[in-house]
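See structure below.
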Number of protein chains: 2
Amino acid sequence: METSNLKKAGLKVTLPRMKILEILETSETRHLSAEAIYRELLDSGEEIGLATVYRVLTQFEAAGLVCRLHLEGNQAVFELERGGHHDHIVCNQCGRVEEFFDETIERRQRDVAQHHGFAIKDHALVLYGDCVDSACPHRPA
Amino acid sequence: METSNLKKAGLKVTLPRMKILEILETSETRHLSAEAIYRELLDSGEEIGLATVYRVLTQFEAAGLVCRLHLEGNQAVFELERGGHHDHIVCNQCGRVEEFFDETIERRQRDVAQHHGFAIKDHALVLYGDCVDSACPHRPA
DNA sequence: AATAGAAATGAGAATCTTAATCATCTGAGC
DNA sequence: GCTCAGATGATTAAGATTCTCATTTCTATT
């Protein structure tokens, strides 16, 4: 558990923050909603309020420790920032989220923005499709 | 005003639907929130409820008459479907929305998805940056 | 043009996600 | 251990969107 990240971000090392960080680090699902993290906390017997989960996640985002993603659906999901930028593919059937990075797309985005007179600062790219892997529980028979 | 579009979609031709379609067709801003459309209706003296605006826009979306976009910010915006698919660039300063289409990005997205075992169905791509045009009222001096 | 039936509307309530409030509690340094 | 700034939690609030249901409006038919 990297408590040093918290200190670096100017955040006190508290139990809620450590527990939330731990869940983000150890959950096999890398993209978790605030609600999902809250439920995991409850399940492991922690008495941490939902408001704290939202507050802490927002602070983590500001500190660059996590990324907030708005996938289709009503609630945002959070993922631990592991260094490299990447975009996402989401399975319409099973909801599985895969990460990818494509330099061609990245470069092209910069070019397009420039042509339109924009200095690009950020982008949001999410692909939606159907898993054709055996991994997807909903794949067509 | 294309009332035939409504009929084709199996929607009764009613005053609220025609008025909302008219606003989408004639507004100089091509990307409007439900709230913004509602305000335009009120300004032109129409007695149309906000619930109806949301309902009608959702139906229009299902019928393929409009697209719903989730730009950063809390509310979705709607744009009239004019045939061609495109993505968007948004100015962080003035909120201006530009449309673009780039075949290289489109193709690359399909390739990436395929490599990850997905049959891509849809995607959401939004670039965020700062206008460097004289058009942007907030451009750096 | 009057009418009936189905569909659409409007006002407000409800829902859902997220943020704000504020009194109480806790961690870091002394 | 003590102090106090900062953090927490329970609740309330806010904003966007959807739902409910009684009333109204189209469309097709007399």
Side-chain angles (χ1 to χ4, degrees), chain A residues 1-23 31-42 44-63 65-78 95, chain B residues 1-23 31-42 44-63 65-78 95:
Chain A
M1 220 175 324
E2 276 310 308
T3 61
S4 60
N5 290 334
L6 292 178
K7 284 180 194 145
K8 251 181 281 179
L11 297 170
K12 244 191 234 182
V13 178
T14 64
L15 192 137
R17 284 176 184 158
M18 284 195 297
K19 288 294 175 192
I20 291 171
L21 208 45
E22 186 184 331
I23 287 173
H31 305 85
L32 293 161
S33 66
E35 202 77 43
I37 292 171
Y38 177 58
R39 269 185 276 108
E40 280 207 38
L41 287 168
L42 292 186
S44 54
E46 299 297 334
E47 302 267 318
I48 294 172
L50 180 57
T52 299
V53 176
Y54 273 105
R55 198 170 10 195
V56 166
L57 286 170
T58 301
Q59 292 162 338
F60 282 4
E61 184 191 18
L65 296 177
V66 305
C67 283
R68 185 193 300 247
L69 303 180
H70 298 277
L71 310 179
E72 287 293 318
N74 9 22
Q75 51 191 37
V77 298
F78 297 83
Chain B
M1 222 175 325
E2 275 310 307
T3 62
S4 60
N5 291 334
L6 292 177
K7 285 180 192 145
K8 253 181 277 180
L11 296 170
K12 244 191 235 182
V13 178
T14 64
L15 191 136
R17 285 176 183 155
M18 285 195 296
K19 287 296 173 191
I20 291 171
L21 207 46
E22 186 182 331
I23 286 174
H31 305 86
L32 294 162
S33 66
E35 203 77 43
I37 292 170
Y38 177 58
R39 266 183 280 109
E40 279 209 36
L41 288 168
L42 293 188
S44 53
E46 299 299 332
E47 301 267 317
I48 294 171
L50 181 56
T52 298
V53 176
Y54 274 105
R55 202 169 12 204
V56 166
L57 287 170
T58 301
Q59 293 162 336
F60 282 4
E61 185 190 18
L65 296 177
V66 305
C67 283
R68 184 193 302 245
L69 304 181
H70 297 278
L71 309 180
E72 287 292 318
N74 10 20
Q75 52 190 37
V77 298
F78 298 82

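Please read these numbers as outputs of a predicted model, since none were measured by experiment. All values below come from the heavy atoms of this structure, side chains included, with hydrogens, waters and symmetry mates left out.
As rounded to whole Å, 17 Å separates atom C1' of D/dA7 from atom CD of A/Glu47. The CG-P distance, from B/Leu6 to C/dT9, rounds to 10 Å in whole Å. A straight line from CZ of A/Phe78 to P of C/dT17 spans 13 Å, rounded to a whole angstrom. Distance B/Ile37 CD1 to D/dA16 P: 14 Å, rounded to the nearest Å. In this entry the distance linking CD of A/Glu72 with P of D/dT17 reads 13 Å, nearest Å. If you measure from atom CG of A/Leu57 to atom P of D/dG9, you get 13 Å, rounded to the nearest angstrom. The CD-P distance, from A/Gln59 to C/dT18, rounds to 16 Å in whole Å. The distance from atom OH of A/Tyr38 to atom P of C/dT17 is 14 Å, rounded to the nearest whole Å.
Of the N and O atoms on the side chains of B/Thr52 and B/Arg55, at least one donor lies less than 3.5 Å from an acceptor on the other residue.
If B/Leu50 and B/Leu11 are placed on DNA chain C by their nearest nucleotide, the residue sitting closer to the 5' end is B/Leu11. Both A/Arg17 and B/Arg55 sit near DNA chain D, but only A/Arg17 has its closest nucleotide nearer the 5' end.
Here A/Ser33 lies out of heavy-atom contact (under 4.0 Å) with every strand. Using a 4.0 Å heavy-atom criterion, one finds that A/Glu35 contacts no nucleic acid atom at all. Residue contacts shown for B/Ala34 are absent, as no nucleic acid heavy atom lies under 4.0 Å away.
The minimum heavy-atom distance linking A/Glu46 with A/Lys19 is given by the pair OE2-CE, 3.2 Å. Here the closest non-hydrogen pair linking B/Tyr38 and B/Leu50 is CE1-N, 3.4 Å. Heavy-atom minimum distance, B/Glu35 versus B/Tyr54: OE1-OH, 4.3 Å.
Under the salt bridge (Lys or Arg N to Asp or Glu O under 4.0 Å) criterion, B/Arg68 pairs with B/Glu61, sequence neighbours left out.
Within the model, atoms CG of A/Leu21 and CG of A/Leu11 stand 10.0 Å from one another, a figure rounded to the nearest 0.5 Å.
Comparing C/dA19, D/dG15, D/dT17 by their closest approach to the side chain of A/Arg68 singles out C/dA19. Comparing D/dT8, C/dT17, C/dT9 against the side chain of A/Tyr54 picks out C/dT17 as the nearest. With D/dT17, D/dG15, C/dT18 as the choices, the nucleotide that has an atom nearest any side-chain atom of A/Gln75 turns out to be C/dT18.
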Between N or O atoms, less than 3.5 Å apart, protein on one side and nucleotides 23-30 of chain C on the other: list the pairs.
none

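Between A/Glu40 and A/Leu32, some side-chain heavy-atom pair lies under the 4.5 Å cut-off.
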